[in-house]
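These notes concern the structure reproduced below.
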2 protein chains.
Amino acid sequence: MSRFTILPDPRRQNEARLTPCAACEVRDLAICGVLNGAEIERVGAIVSNVRVEGGEVIFFEGDDAEHVFNIVAGVVRLFKLMPDGRRQVTGFLYPADFLGLALSATYAYSAEAVTPVRLCRFPRGKLERLLEEIPRLEKRLLGNAANELMVAQDQMLLLGRKTAKERLASFLMHLSSRAERRGETADPIALPMSRTDIADYLGLTIETVSRTFTRLRKDGLIDHADPHVVHVLDRGGLEELAGL
Amino acid sequence: MSRFTILPDPRRQNEARLTPCAACEVRDLAICGVLNGAEIERVGAIVSNVRVEGGEVIFFEGDDAEHVFNIVAGVVRLFKLMPDGRRQVTGFLYPADFLGLALSATYAYSAEAVTPVRLCRFPRGKLERLLEEIPRLEKRLLGNAANELMVAQDQMLLLGRKTAKERLASFLMHLSSRAERRGETADPIALPMSRTDIADYLGLTIETVSRTFTRLRKDGLIDHADPHVVHVLDRGGLEELAGL
DNA sequence: GCGGGATGTTGACCCGAATCAAGGTCGCCG
DNA sequence: CGGCGACCTTGATTCGGGTCAACATCCCGC
């Protein structure tokens with residue numbers, strides 16, 4: 001019934017208790033980065049560690065929003081579905097990203113693991129109580145939300161007004177600069193998601209995504225032997241196309 | 001140089017001081033709805049009343065984000081521009097809506113008045129200090145942001161996956177239910193914005209918007225003698241089309 | 001009341017991306 | 001190691017919405 005496995009190995013649970021949030025590998029980048037030692041312990045007391053296999057559901061649009069999450073490792077896709085199956089991917093989340101903020105009682109979108117994922121899970125009620133006591137954390141969440149809104153507006157511009165080539169260039173530049181911000185390499189861009197995911201994110205079909213990759217390659221802007229690794233050959237040209 | 005006129009008539013300024021935020025006509029619907037008497041006075045001490053003519057700029061993307069605003073009366077459009085002039089309208093704001101939340105030092109989008117507008121203007125720094133002292137207000141802003149994010153995701157689905165007919169139906173249902181929430185009539189839907197605005201909001205051209213209005217009319221879903229007033233003939237059909 | 005600009009509608013045609021269809025590549029399991 | 005299924009690429013054709021163009025309507029100022 002459960003959609004994820006709480007780490008079942010007692011040794012691991014123990015390990016989680018011994019090296020909790022204080023030693024979290026994404027702490028500084030995540031919302032927890034604003035917390036001091038005493039505060040981080042309080043957070044540690046309410047979180048669970050959760051694993052989800054690639055392709056598995058984390059939650060569905062309409063589910064009771066009982067938890068919020070921080071991504072510790074792996075990549076997650078968020079999406080909305082129409083009754084006839086049309087899908088719009090609204091975002092890809094990476095380690096340190098926050099997931100599940102909902103005003104209403106239910107989630108407004110679905111979340112699935114793209115790769116195997118490790119999540120830090122907060123019961124919503126307990127987190128809300130913690131927010132009362134740590135205004136700095138609430139401020140951090142507000143900053144987060146403002147940032148997500150900015151990204152969402154960029155995405156609306158992309159979906160409403162850009163051509164297929166511009167969309168793909170924007171997507172690649174976006175991934176590249178995010179990787180850089182996380183301290184990873186900006187040049188060979190890793191694409192953990194499938195062509196279908198990319199298409200549903202960019203408002204295109206898989207065929208158009210594939211053809212557009214080929215066009216960018218023929219134009220000398222990128223190179224890719226492996227469909228999931230893209231080498232940037234002409235960053236300036238890509239940025240130009242992306243509209244930056 | 002200034003893009004707006006602070007009420008110049010001393011009688012009015014006086015009036016504003018005598019009947020300030022406490023008597024604000026949109027107070028309950030706006031973020032100020034969470035404030036008590038003493039708090040609202042503190043807000044009243046930092047706001048200015050501002051008027052903007054229809055078609056005038058409120059701020060441009062890239063401007064220093066010195067103020068945030070509450071809309072008291074009128075309709076505002078938010079949009080992003082590409083270097084070649086392509087425009088994406090990211091939202092229409094109505095009385096009681098909050099405007100200008102920005103994490104960065106500059107606005108991430110432009111705002112213009114669609115109709116003549118009255119704004120309540122907060123210097124950003126002063127509001128931030130107020131937020132420190134009134135956590136309830138910050139919580140309200142967070143709720144606001146979460147809500148805007150939900151709307152933004154719906155809009156991404158619209159822009160990425162819906163047909164022209166579905167987009168227009170979604171738009172009309174959206175306006176209608178917002179009007180209802182503000183206590184206005186849900187049936188004759190007022191469209192204060194131009195076809196160009198609607199097109200740039202829905203990721204279409206004005207011609208397609210116009211043709212699609214005609215199609216909805218021929219399908220018996222709506223009626224409109226005046227292009228800025230739409231009568232709903234078949235709400236169920238529109239909702240179905242909109243995907244609800 | 002009349003002329004002109006802004007806004008909206010309609011028609012003819014075109015084009016970029018969708019659809020339909022066929023292979024290609026890779027990895028996994030028997 | 002061979003076959004099957006998932007995923008990606010490429011080609012041929014179609015189609016929804018864009019572009020270009022003409023015209024209608026309204027409003028505003030003179």
Side-chain angles (χ1 to χ4, degrees), chain A residues 53-56 77 82 84-89 112 114-115 158-171 190-219 222-230 241, chain B residues 53-56 77 82 84-89 112 114-116 158-172 190-219 222-230 241:
Chain A
E53 288 310 306
E56 298 287 311
R77 61 175 167 255
M82 292 181 66
D84 64 2
R86 278 176 285 175
R87 189 179 76 148
Q88 180 65 36
V89 170
E112 286 176 355
V114 171
T115 66
L158 180 149
L159 292 170
R161 289 299 179 223
K162 291 187 182 176
T163 66
K165 226 162 146 180
E166 290 168 342
R167 290 180 200 205
L168 192 53
S170 301
F171 177 61
L191 299 176
M193 66 292 290
S194 68
R195 293 292 188 258
T196 302
D197 285 338
I198 297 174
D200 286 349
Y201 182 59
L202 299 180
L204 301 170
T205 59
I206 52 172
E207 293 95 329
T208 298
V209 169
S210 187
R211 277 188 258 271
T212 307
F213 268 115
T214 303
R215 281 204 284 158
L216 290 183
R217 184 155 40 77
K218 285 187 176 153
D219 293 351
I222 62 169
D223 197 7
H224 61 121
D226 179 336
H228 294 280
V229 180
V230 170
L241 249 185
Chain B
E53 288 309 306
E56 298 287 311
R77 61 174 166 254
M82 292 181 67
D84 63 2
R86 277 175 286 176
R87 189 179 76 147
Q88 180 65 36
V89 170
E112 286 175 357
V114 171
T115 66
L158 180 150
L159 292 170
R161 289 298 180 222
K162 291 187 183 177
T163 65
K165 226 162 145 180
E166 290 168 341
R167 291 181 199 204
L168 192 53
S170 301
F171 177 61
L172 292 174
L191 299 176
M193 65 293 289
S194 68
R195 293 292 188 256
T196 303
D197 285 338
I198 297 174
D200 286 350
Y201 182 59
L202 299 180
L204 301 169
T205 59
I206 52 171
E207 293 95 330
T208 298
V209 169
S210 188
R211 277 189 259 271
T212 307
F213 267 115
T214 303
R215 282 203 285 157
L216 291 183
R217 184 155 40 75
K218 286 187 176 154
D219 293 352
I222 62 169
D223 197 7
H224 61 121
D226 179 335
H228 294 282
V229 180
V230 171
L241 249 185

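These numbers come from the heavy atoms of this one structure, side chains and all, not from hydrogens, waters or symmetry mates. Quick note on labels: first sequence line is chain A, next is B, and so on, each numbered from 1.
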Scan A:Gly203 against the nucleic acid and name what it touches under 4.0 Å (heavy atoms): base, sugar-phosphate only, or nothing.
sugar-phosphate
Closest to the B:Thr214 side chain, choosing from C:dA17, D:dG17, C:dT10
C:dT10
Whole angstrom value for the distance that separates P of C:dA18 from CG of A:Asp200:
11 Å
Under the 3.5 angstrom rule, does the side chain of A:Glu166 hit a backbone N or O of A:Thr163 as a donor-acceptor pair?
yes
Main-chain N/O of B:Val229 paired to B:His224 side chain as donor or acceptor, under 3.5 Å:
no
Could you tell me whether the side chain of B:Arg211 has a donor or acceptor atom within less than 3.5 Å of a complementary atom in the base of C:dG8?
no
Nearest-angstrom distance from the residue atom CG of A:Leu168 to P of D:dC8
13 Å
Heavy-atom donor-acceptor pair, A:Arg161 side chain to B:Leu204 backbone, under 3.5 Å:
yes
Between C:dT10, D:dT9, C:dA17, which one does the side chain of A:Ser210 approach most closely?
D:dT9
Under 4.0 Å from OP1 or OP2 of D:dC7: is there any side-chain N or O of A:His228 that close?
no
Could you state the CE-C1' distance from A:Met193 to D:dC7, rounded to the nearest angstrom?
15 Å
Testing D:dC8, C:dA18, D:dG17 for proximity to the side chain of A:Ser194, the answer is D:dC8
Base C:dT10 paired with B:Arg217 side chain (donor-acceptor, <3.5 Å)
no
Looking only at N and O atoms, is any donor in the side chain of B:Arg167 or the base of D:dG17 less than 3.5 Å from an acceptor on the other one?
no
Whole angstrom value for the distance that separates P of C:dT9 from CD1 of B:Ile198:
9 Å
Is there side-chain contact between A:Tyr201 and A:Met193, with at least one heavy-atom pair below 4.5 Å?
no
Given atom CD of B:Glu207 and atom C1' of C:dC14, what is their separation to the nearest angstrom?
13 Å
Grab the NZ-P distance between B:Lys162 and D:dG17 for me, whole Å please.
14 Å
Can a salt bridge be assigned to the pair B:Arg77 and B:Asp200 using a cut-off of 4.0 Å between side-chain N and carboxylate O?
no
Given C:dA17, D:dG18, C:dG8, identify the nucleotide with an atom nearest to the side chain of B:Pro227.
C:dG8
Report yes if a side-chain nitrogen or oxygen of B:His224 is closer than 4.0 Å to either non-bridging phosphate oxygen (OP1 or OP2) of C:dG8; otherwise report no.
no
Atom CZ of A:Arg161 to atom P of C:dG16: distance rounded to whole Å?
16 Å
I want to check one thing: is the phosphate of C:dA18, taken as OP1 and OP2, less than 4.0 Å away from some side-chain N or O of A:Thr205?
yes
Just checking B:Leu204: base, sugar-phosphate only, or nothing, at a heavy-atom cut-off of under 4.0 Å?
sugar-phosphate
Taken to the nearest whole Å, CD/A:Glu166 to C1'/C:dA17 is 14 Å
